[in-house]
Novice: 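The structure is given below, and queries will be raised subsequently.
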Amino acid sequence: MSRRTPMAALAAIAAALLVAGVAQSQGSVTKLKGTVGPGFTIKLTKGGKKVSSLKAGKYSFAITDKSSIHDFTLEQEKGGKFEKHLTSVPSTGSKTMTVSLKKGKWKYYCSAHEDTMNGFFTVK
């Protein structure tokens, strides 16, 4: 076995790590999945788990609205001002939006049924 084979392998690994580092430093966006309906349910997950805490940064919200009587609204309750309807009544279907989350307490809810259809998470 020659010395070139291990050196070539190390060079390939180093190049792969460099490319991965550049891709990550260019601001990869974490995907969050939101679902509202078809009943009186609303949820927000990351990797299949309920979101309770996130780091500040950019997130892609992929929302599936399964009911014409519900919407998915995102609001920063403490630490700033932000409120956005990511879906609307009477629309249904899927929509994706990128949002920069800042430190504070956040709430997601159906604006038509806010008292019963809501969830909270903290951004640190």
Novice: Give, for atom OH of Tyr59 and atom OG1 of Thr30, the distance between the pair rounded to the nearest 0.5 Å.
Specialist: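 One finds 5.0 Å between OH of Tyr59 and OG1 of Thr30.
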Novice: Do side-chain atoms of Gln76 reach the backbone of Lys103 as a donor and acceptor pair under 3.5 angstrom?
Specialist: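 Yes.
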Novice: Atom OG in Ser91, atom NE2 in His85: separation rounded to 0.5 Å?
Specialist: 12.5 Å
Novice: Checking Lys46 now: which residues fulfil salt bridge (charged side-chain N to carboxylate O under 4.0 Å, His left out) with it, not counting sequence neighbours?
Specialist: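 Here no residue qualifies.
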Novice: Identify all side-chain donor-acceptor contacts of residues 31-45 below 3.5 Å with residues at least two apart in sequence or on another chain.
Specialist:
{"from": "Thr41", "atom 1": "OG1", "to": "Gly37", "atom 2": "O", "distance (Å)": "3.4"}
{"from": "Thr45", "atom 1": "OG1", "to": "Lys33", "atom 2": "O", "distance (Å)": "3.4"}

Novice: Output, in order, the C-alpha distance, side-chain angles, deciding distance and verdict of salt bridge (Lys or Arg N to Asp or Glu O under 4.0 Å) for Glu114 and Lys107.
Specialist: CA-CA 10 Å; Glu114 185 175 353; Lys107 179 180 183 179; 2.7 Å; yes
Novice: Between Thr122 (side chain) and Lys105 (backbone), is there a donor-acceptor pair under 3.5 Å?
Specialist: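 It does not hold such a pair.
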Novice: Could you tell me the separation between the CG atom of Leu101 and the CZ atom of Phe82, rounded to the nearest 0.5 Å?
Specialist: 8.0 Å
Novice: When clusters are formed by joining ILVMFWY residues with side-chain heavy atoms under 4.5 Å apart, either directly or through shared neighbours, do Phe120 and Val99 land in the same one?
Specialist: no
Novice: Out of curiosity, His70 NE2 to Asp65 CG, how far, rounded to the nearest 0.5 Å?
Specialist: 8.0 Å
Novice: Find the distance between CG (Asn118) and CD (Glu75) and round it off to the nearest 0.5 Å.
Specialist: 11.0 Å
Novice: Is the ring pair Tyr108/Phe72 parallel, tilted or perpendicular, if the boundaries are 30 and 60 degrees?
Specialist: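 Correct class here is parallel.
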Novice: Kindly work out whether a path of hydrophobic side-chain contacts (I/L/V/M/F/W/Y, heavy atoms less than 4.5 Å apart) joins Tyr109 to Val123.
Specialist: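 Different clusters: Tyr109 never reaches Val123 through Ile, Leu, Val, Met, Phe, Trp or Tyr contacts under 4.5 Å.
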Novice: With a 3.5 Å distance limit and no angle check, can you tell me whether Asp71 reaches the backbone of Ser111 through a side-chain donor-acceptor pair?
Specialist: yes
Novice: Give, for atom NZ of Lys58 and atom OG of Ser28, the distance between the pair rounded to the nearest 0.5 Å.
Specialist: 11.0 Å
Novice: Before giving the answer on side chain to side chain contact (heavy atoms under 4.5 Å, CB included), spell out for Thr98 and Phe61 the whole-Å C-alpha distance, their side-chain angles and the decisive distance to 0.1 Å.
Specialist: CA-CA 6 Å; Thr98 300; Phe61 284 78; over 6 Å; no
